[in-house]
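In this text, all values refer to a predicted model and were calculated from it rather than measured experimentally.
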Amino acid sequence: MQDRYSGRASHEDGAVYDDVQEAPDTMASRLRISCWIMTSPRNLEKRARFIQMTWAKRCDKVVFISSETNTTFPTVGLNVSEGRNHLTEKTLGGFRYIYEHHFDDCDWFFKADDDTYLVVENLRHFLADFDTNEPLYFGHHFKAIIKQGYSSGGSGLVVSKEALRRFGQHGHRPKICRQKGTAGDAAFGQCMQSLEVKLANSTDSQGRSKFHCMTPHSHLSGKYPQWYRKYDANGAKKGIQSMSDHPISFHYVGGYKQLELEYLMYRARIHHYVPSLSLD
């Protein structure tokens, strides 16, 4: 709702954030992005509502997908059980729902977990350099398991219209795409490779990451789990110089941490900038 005195958006927790001004009429600002968030009944209040309060309002189409329909939140329920053993069913089911109900609504289709934080403006700017009619998808690049690698589901991944079209037409075929099991992001990556959808580069001109499957703190400190060092296609670099000046996403940002990043990115202001700061 609007704060009656300031004209700024006021949220349920009492926090007030400046509305983001509309960007000039550029190719990036005209891109239509659909965002679907994979959540669960128990996480609607703990996580999903914070996404609803923050970055989701900047997407052109927003759908929360769970195992149960909730008309109050609202949430689309799939005929899928909860738990890690059903992540592939839930991931593929979510993309199928988007294909069947929102394919014509948008140009690009972003999937997030309910602890992903997305900077929508940076995603729009990044995607403006690519043709959505090409079979492409992007995310934090893991180099394991699949020949071309795959995108971390937690960092969020975005598919082109052509990639979603191929998935919608052929992704239900078990010989092409594994339909059940754990590691939904790897299963989706295998599906994309089978459909000849390219996992394209998403680093900036200096080779720095834009999509991140960890928190900002983890990437700055380099305190990564061992599996990450093995999987990360960019060498598990650390420090402020390893992250792009225009980050697109972070993972493990649940609940009030969403508000923390929202505040730092959209409300906090600096009166005097000292460019010599180094955190390496």
Side-chain angles (χ1 to χ4, degrees), residues 38 55 84 87-88 91 108 110-113 115-130 134-160 163 182-254 257-258 260-261 264-265 275-280:
M38 189 164 71
W55 59 263
R84 297 193 63 85
L87 287 178
T88 295
T91 301
W108 295 86
F110 181 84
K111 175 266 177 189
D113 285 352
D115 58 351
T116 304
Y117 186 89
L118 171 65
V119 185
V120 179
E121 297 87 348
N122 288 351
L123 179 61
R124 289 187 197 280
H125 188 271
F126 171 74
L127 293 175
D129 291 333
F130 300 94
E134 294 293 322
L136 302 171
Y137 89 114
F138 301 92
H140 187 123
H141 192 162
F142 285 162
K143 63 184 179 180
I145 301 177
I146 301 161
K147 184 177 181 180
Q148 73 166 352
Y150 67 98
S151 168
S152 158
S155 71
L157 57 90
V158 61
V159 302
S160 68
T182 60
D185 49 6
F188 187 75
Q190 174 269 320
C191 183
M192 291 291 96
Q193 179 169 285
S194 296
L195 295 171
E196 298 184 349
V197 174
K198 180 182 179 181
L199 176 60
N201 178 51
S202 59
T203 58
D204 66 13
S205 60
Q206 298 180 48
R208 301 177 299 183
S209 297
K210 286 178 174 285
F211 293 83
H212 303 88
C213 73
M214 297 287 176
T215 65
H217 176 270
S218 295
H219 289 286
L220 289 170
S221 67
K223 294 181 178 179
Y224 300 126
Q226 191 58 39
W227 67 262
Y228 178 80
R229 299 180 185 279
K230 179 180 177 181
Y231 277 39
D232 183 49
N234 296 317
K237 300 173 185 177
K238 68 175 183 177
I240 198 168
Q241 301 302 326
S242 69
M243 295 192 294
S244 174
D245 294 339
H246 297 93
I248 290 174
S249 65
F250 292 98
H251 189 207
Y252 301 122
V253 183
K257 291 182 180 180
Q258 295 273 338
E260 180 181 333
L261 280 187
L264 291 172
M265 291 192 177
S276 61
L277 174 66
S278 176
L279 299 181
D280 284 342

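- Side chains of L157 and F188 form a contact here, defined as non-hydrogen atoms less than 4.5 Å apart.
- Q193 is not listed as a side-chain neighbour of Q190, based on a closest heavy-atom distance of 4.5 Å or more.
- Looking at every heavy atom in both residues, R229 comes nearest to G222 through NH2-O, 2.8 Å.
- For the pair H212 (side chain) and K210 (backbone), a donor-acceptor distance under 3.5 Å is present.
- Using a 4.5 Å heavy-atom cutoff, the side chains of M214 and P225 are in contact.
- For the residue pair H141 and G149, the shortest heavy atom distance occurs at NE2-CA, 3.9 Å.
- Panel note: side chain T116, backbone G154; a donor-acceptor pair is recorded below 3.5 Å.
- Shown here for K238 and Y224, the closest heavy-atom pair between the two residues is CA-OH, 4.1 Å.
- Between S244 and P247 the shortest heavy-atom distance is O-CD, 3.5 Å.
- Sparse packing is recorded around CZ of R84, with 12 or fewer heavy atoms of other residues, nucleotides or ligands lying under 6.0 Å away.
- Between V119 and M265 the shortest heavy-atom distance is CG2-SD, 3.5 Å.
- Between D185 and G153, the shortest heavy-atom distance links the atoms OD2-N, 3.0 Å.
- The shortest distance between side-chain heavy atoms of F211 and L123 falls below 4.5 Å.
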**Item:** Step-by-step side-chain contact (heavy atoms from CB on, under 4.5 Å) determination, M243 to F250
**Value:** CA-CA 11 Å; M243 295 192 294; F250 292 98; 3.9 Å; yes
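- For the atom pair CG (L87) and CE (M38), the distance works out to 5.5 Å, reported to the nearest 0.5 Å.
- Using bins of under 30°, 30° to 60° and over 60° for the plane-to-plane angle, the ring pair F138/W108 lands in the tilted bin.
- Checked for salt-bridge contact, D232 and K230 miss the test: no charged N lies under 4.0 Å from a carboxylate O.
- The aromatic rings of H246 and H125 sit parallel to each other, their planes meeting at less than 30°, with 60° as the upper class boundary.
- No side-chain donor-acceptor contact under 3.5 Å links Y150 to the backbone of A144.
- Looking at heavy atoms from C-beta onward, D113 lies in side-chain contact with H251 at the 4.5 angstrom threshold.
- Counting heavy atoms from C-beta outward, I248 and L118 have side chains that approach closer than 4.5 Å.
- Taken from NZ in K198 to OG in S160, the straight-line distance is 12.0 Å, to the nearest 0.5 Å.
- Side-chain atoms of T215 do not come within 3.5 Å of backbone N or O of Y252 as any donor-acceptor pair.
- By the disulfide (SG to SG under 2.5 Å) test, C213 is found to be paired with no residue, residues two or more places apart in sequence or in another chain being considered.
- Contact check for R208 versus D245: side-chain heavy atoms found under the 4.5 Å cut-off.
- For Y228 and H140, the ring centers are positioned less than 6.0 Å apart.
- Annotation: side chain of L199 is in contact with side chain of S151 (closest heavy-atom distance under 4.5 Å).
- Using a distance-only test at 3.5 Å, with no hydrogens or angles considered, a donor-acceptor pair links the side chain of Q148 to the main chain of V197.
- A donor-acceptor distance shorter than 3.5 angstrom exists from the side chain of S202 to the backbone of G139, with no hydrogens or angles considered.
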